[in-house]
Amino acid sequence: MPPDIACGRLSDDMLARNFADAHPGLTAEQAALEADRCFYCYDAPCIEACPTDIDIPRFIKAIASKNTAGAARTILQSNILGGSCARVCPTEILCEQKCVHTAIETHKPVRIGALQRFATDWQMAQPAHPFGRAAPTGRHVAVMGAGPAGLACAHRLAMLGHDVTLYDRHTRPGGLNEYGVAAYKLADDFAQKEIDFLFAIGGITYRGGTVLGETLSLATLRQEHDAVFLAIGLSGVRALGLPDESIHGVQDAVAFIEDLRSQPLATTPVGRRVVVIGGGNTAIDAAVQARRLGAEEVTLVYRRGEATMSATEVERDWAQTNGVTLRLWAAPIRLETEAGALTGVTFRRTDPPSVSGTLPGMPPQAPPAEFTLGADMVLKAIGQVFIPDPIAQDQILVENGRLVVDEKGRTTLGGVYAGGDCTAGEDLTVAAVRDGREAAKAIHDDLTLTDLSSSRTGAP
Amino acid sequence: MADLRTNFAGITSPNPFWLASAPPTDKEYNVRRAYEAGWGGVVWKTLGEDPPVVNLSSRYGALQFEGKRLMGLNNIELISDRPLATNIAEIKRVKRDFPDRALIVSLMVPCEEHRWKAILPLIEETGADGIELNFGCPHGMSERNMGSAVGQVPEYVEMVTRWCKQNTRMPVIVKLTPNVTNILMPARAARRGGADAVSLINTIQSVIGVDLDAMAPMPVVGGKGTHGGYCGPAVKPIALRMIGEIARDPEMAGIPISGMGGISNWRDSAEFLAMGSSALQVCTAAMHYGFRIVEDMIDGLSNWMDSKEYATLPDLSGRAVSRFVPWNQLNMKFRTIAQIDQESCVGCGLCHIACEDTSHQAIAKSTGPNRREYSVIDEECVGCNLCAHVCPVDECITMTPQPVDGEMTWLEHPLNPHRLSA
Ligand SMILES: Cc1cc2nc3c(=O)[nH]c(=O)nc-3n(C[C@H](O)[C@H](O)[C@H](O)COP(=O)(O)OP(=O)(O)OC[C@H]3O[C@@H](n4cnc5c(N)ncnc54)[C@H](O)[C@@H]3O)c2cc1C
Ligand SMILES: Cc1cc2nc3c(=O)[nH]c(=O)nc-3n(C[C@H](O)[C@H](O)[C@H](O)COP(=O)(O)O)c2cc1C
Ligand code: SF4
Ligand code: SF4
Ligand code: SF4
């Protein structure tokens, strides 16, 4: 019998509800109340915890004084994707974790993310783009990859007066904002709305359907532009390394999410019983979205304990309140099949003996060393990797599986910069935005401060 | 339980909390509800002559601060806008039904003796316990030569007070306006006129804000605004100062003071009593929350008095007056310095930036293992208290008095060119 994988397990209505905005925006009244909680700290610790170092007290003070335009500008000049960051940032490990209110009452920081969303939503509802462009420099920069890093870089370059061509292999720009992040975090086509807003600055030409290393080489890019920014993210995923991994029903979690983000929910197939393997946010997102598509049983299995899971506590709670079962200390050893069809996954317990049987909901007697979970669908979420193939022909240093850059985002190849997930550092939207912005500044400085006027990116 | 019974210029009430003459005491309906809620007394909304005044629509403006409503309230209302006879009849009924509560009638008629002579018997006949002369209303009525137009001229204050004393046996309380440079001038004039007591403060002339769309002062009445009278928590410091000045003035010695202006809770009440009041009046706090706020005022004051072993109001009244002195009598050798409790500090940096930018650069900043750390540089701290006031954490910064070596006031200070030689 083939595994039970089907579309339309829930009514359209139910699906619409399940994938609506998970945390709707604050009303003006709520924002005013929340903004008044902020102490307006000096040298505020929350700023330091924001990778894009948004001046948080300043923008919150502006919301409190009903200077919403000023609040939005303060946010967006540090982080042009402030709207999506307000929705997707794990604030519990960033700005809000450092909010001094948590020292008075744990778990009661000022809701910085929600306030940021309030201000940026206001801005996006205005007809005019808040930033202008500097006088044209006559320079032309190529940005490869239209995820958060590429978008932030393109916008800042445009602001500084450069012309930008933004390439991506997808038809729609946005990167993981468009097809990776959980649907209910960026509901109502927010990613595209934000891109329209961002492009409104002018000077950015988007060319989708361009594949670096296939339809366009880095060498050509360098020849035709004054600088190149690489922001191609992580296009590979780790495999479990088990036999039959390509069997029907076993899928990469990112591919599953991309499917559901790029087609109507009613036509996105999901298993009746889903097992997700991994301990990061991708695993959580895949598990929760599988549930919300109508999977009856979703189990997330992670090979170690909560302490080493990269999913935050908030995300683990979110998974559990969504009816996902978390099983820790177990590693997959075998995909179970019957007549060539997937039936389940067998795990071996990895727990140190002291941990056995102490987990909530587990039987008190010593558990067997192996157990099998029946599954119609197995989603693999054990990490993404950088695939260097597109730049294999170029003299760029890759180390520990990521492009090597200096503190300004320069790669080892002249005129070529990189940032976002394809370089080392935290794989977060907000970190990608910072990389893009900083690389744009470096490109600008390098192009305008040094005399490169006669040449293209240095290719002879 | 502390005994809160009050005897104010011979007028008794079960507690010192009276509602000030204002909308809460405008008519029988409100006053009955107030008494039922526990108020010890009321000063009836100011009565004038018939025909009654006409009030406008759009009457109040408010000062809000960082999310707090009604830090200050301003109004452009006039005195009672109901016929005199209606008020008189209601006062009579209410007083009959609540004989143990104080009922004072506030009055304002033009500065002619026959007019006062005419109204006083009508009031006396209601059985009210006393009258309060409204020499304070700073808007509308003052333009008609009443209210603060009288209160600002000591001679008028004295004259009208005397007329009243000569024409009634009811106790006369003179309600003073704060819209003067020296509160002692009208206060002493009242006493010369024979006043049995004074009450203060009435409202302060103010423009509460500007409507930036209408481009007119608020509250906007059909496109324009006017100045109003300001009261509520924000005026408390002004009231306390004026009450203290009267209480310590030898010429005013012994005169009962009914204190008001920003009293919002039992603690404010205790402060007003300590500064020399022997009864209290409240308006804005009741307008903000309703009559029920008196419950905590009574309860809180009584609990606090128990904890301090003040058995009766006279034990407490005026306790702080002898310590309210001119600047030149303060000890210049006294020194206090800020102390930060590192346990409760959350690292917000507000103390540092306040001191660094606007005070004496006496709070140093460093980076600790978990948070920014702030510490007082004792030698630089002048003891201004600013940091303790800006710190958002209660009792995190304490001002700590240092051992004092003797006493020296400015009068004796070597740097004082006018020093008194010993
Ligand atoms: C499932 C999932 C959920 C996530 N949820 C969150 C979250 O909630 N919060 C958060 O902060 N972060 C989250 N992240 C991480 C976040 O999405 C990334 O850190 C961020 O998108 C990185 O931005 P980027 O621009 O570097 O790369 P990407 O967003 O990956 O964009 C790279 C772009 O390059 C293009 N590209 C790749 N190769 C080529 C090529 N050869 N030629 C042309 N174009 C190419 C891709 O099409 C893509 O558009 C999540 C990630 C995943 C996978
Ligand atoms: C709307 C309003 C109307 C007032 N009307 C009078 C009045 O008719 N007669 C009077 O003596 N004082 C009047 N006052 C002043 C109050 O009696 C009182 O002196 C003042 O509000 C200060 O007290 P508070 O800070 O508790 O409000 C009025 C105050 C307000 C707010
Ligand atoms: S730490 Fe918290 S209170 Fe302080 S500025 Fe940041 S958000 Fe405001
Ligand atoms: S409080 Fe509001 S409803 Fe009541 S009279 Fe005033 S404006 Fe009207
Ligand atoms: S103001 Fe208070 S909480 Fe803030 S840093 Fe200073 S002592 Fe600490």
Side-chain angles (χ1 to χ4, degrees), chain A residues 26-50 53-71 91-112 114-115 118-119, chain B residues 62-72 209-214 218 233 338 340-377 386-397:
Chain A
L26 301 178
T27 63
E29 183 71 27
Q30 292 166 334
L33 277 173
E34 191 61 19
D36 277 329
R37 290 183 65 221
C38 173
F39 293 147
Y40 192 46
C41 297
Y42 170 73
D43 187 19
C46 55
I47 303 180
E48 200 175 68
C50 169
D53 36 64
I54 294 172
D55 190 339
I56 294 164
R58 177 167 165 184
F59 94 70
I60 295 181
K61 191 79 175 165
I63 291 176
S65 80
K66 308 238 175 335
N67 173 16
T68 319
T91 51
E92 65 276 12
I93 56 165
L94 299 171
C95 53
E96 291 180 14
Q97 183 185 41
K98 287 285 171 338
C99 173
V100 301
H101 272 270
T102 60
I104 298 170
E105 219 180 339
T106 358
H107 298 313
K108 288 277 191 317
V110 172
R111 293 166 65 196
I112 301 168
L115 288 169
F118 175 77
Chain B
L63 179 77
Q64 303 189 0
F65 185 72
E66 299 189 349
K68 289 285 181 211
R69 308 293 195 217
L70 244 62
M71 298 289 295
V210 177
D211 182 324
L212 291 176
D213 296 316
M218 297 190 283
I340 297 177
D341 171 19
Q342 297 297 340
E343 287 287 296
S344 57
C345 170
V346 299
C348 73
L350 291 176
C351 56
H352 166 79
I353 198 60
C355 190
E356 192 70 14
D357 281 358
T358 71
S359 207
H360 292 81
Q361 298 75 46
I363 297 184
K365 178 182 156 203
S366 58
T367 313
N370 302 313
R371 59 166 174 81
R372 289 140 174 71
E373 282 176 8
Y374 295 93
S375 50
V376 178
I377 308 164
L386 180 63
C387 57
H389 295 312
V390 302
C391 177
V393 181
D394 279 347
E395 286 166 28
C396 171
I397 301 187

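Because the structure is predicted, anything quoted here is derived from the model rather than measured. Every chain is numbered from 1 and lettered A, B, ... according to where its sequence line falls, protein lines coming before strand lines.
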| task | Check each atom of B/Y374 against the heavy atoms of chain A and say whether the ones under 4.5 Å are side chain, backbone, both or neither. | result |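 Interface part for B/Y374: side chain.
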| Contact class of B/V393 relative to chain A, heavy atoms under 4.5 angstrom |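 When you check distances to chain A, only side chain atoms of B/V393 fall under 4.5 Å.
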| Closest non-hydrogen atom pair between B/G349 and A/Y42, with its separation |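 In this case the closest contact between B/G349 and A/Y42 is O-CB, 3.5 Å.
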| query | chain B heavy atoms under 4.5 Å from A/A44: which part of the residue, side chain, backbone, both or neither? | reply |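 Just the backbone, heavy atoms under 4.5 Å.
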| request: Name, in order of residue number, those residues of residues 351-358 of chain B that have a heavy atom at a distance of less than 4.5 Å from a heavy atom in chain A; otherwise write 'none'. | output: B/H352, B/I353
Expected list for residues 364-371 of chain B: side-chain donor-acceptor pairs under 3.5 angstrom, two or more places apart:
residue, atom, partner, partner atom, Å
B/K365, NZ, A/D43, OD2, 2.4
B/R371, NE, B/C345, O, 3.3
B/R371, NH2, B/Q342, O, 2.8
B/R371, NH2, B/Q342, OE1, 3.4

| query | Hey, which residues of residues 96-105 of chain A are touching chain B, say heavy atoms under 4.5 Å apart? | reply |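 So the qualifying residues are A/V100, A/A103, A/I104.
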| message | Only heavy atoms, only distances under 4.5 angstrom. Which residues in residues 26-38 of chain A are near chain B? | response | A/E29, A/D36
